[in-house]
Participant: 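I'd like to ask you about the structure that follows.
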Amino acid sequence: MTQTLPIRIGHGYDLHRLVKDRKLILGGVEIPFHLGLLGHSDADCLTHALADAILGALALPDIGHYFPDNDKKHKDLDSRIILNKALSEGKKLGYQVGNIDLTIIAEKPKLLGYIEQIKRSLSKTIKVPKDRIGLKATTNEKVGAIGRMEGIATFAVCTLIRIED
Ligand code: MG
């Protein structure tokens, strides 16, 4: 039996393709843009990376295990449901989110004006105050697939802290 850790750290990464006729949703916020993210769910890659970071911190399988992309009932799924699943798995094992730090890599649109709104949205979903949520957006300096606006990538790290008995 391993010792119960007071703090666990997790890391997540995701990328979705940018295409026409899809919504662009990041962290549960719809962002006006002429392209959106392609995926089986709502394709919210920021929320996916965060859910994977939480599951990773718990040493559990990734979100594809819980929400297979060939399951019709997950079509256009609100990714906050995926995030809530990761949180409830954490709770079951006696952990809650400590803080999170996220990075979005998108050539366009400019996301600076949406940072606060996305933080508010995530704060509400994961029930963690905004001062424990880091969120940055950067471009890829026109380099590679992301630089050509073929997709948006996201990174997430989180800590989970042991819930006091
Ligand atoms: Mg994904």
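Counting convention: from 1, in listed order, for ligands and their atoms alike. As the structure is a computational prediction, the values presented were derived from the model and not from experiment.
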Participant: For the atoms OD2 of Asp14 and NE2 of His16, give the angle they form at the Mg ion (ligand 1), rounded to 10 degrees.
Facilitator: 90°

Participant: To the nearest 0.5 Å, what is the distance between CG on Leu93 and CG on Leu60?
Facilitator: 6.0 Å

Participant: Could you check whether any side-chain N or O of Arg8 sits under 3.5 Å from a backbone N or O of Ala57, counting only pairs where one atom can act as donor and the other as acceptor?
Facilitator: yes

Participant: Hey, which N, O or S atom on His48 ends up closest to the Mg ion (ligand 1)?
Facilitator: ND1

Participant: From Cys45, does some N, O or S atom reach closer than 2.8 Å to the Mg ion (ligand 1)?
Facilitator: no

Participant: Restricting to non-hydrogen atoms, name the atom on Ile100 and the atom on Ile126 that form the minimum distance, rounded to 0.1 Å.
Facilitator: CD1-CD1, 3.8 Å

Participant: Step by step, work out the side chain to side chain donor-acceptor pair (under 3.5 Å) result for Asp14 and His48.
Facilitator: CA-CA 7 Å; Asp14 199 19; His48 292 178; 3.1 Å; yes

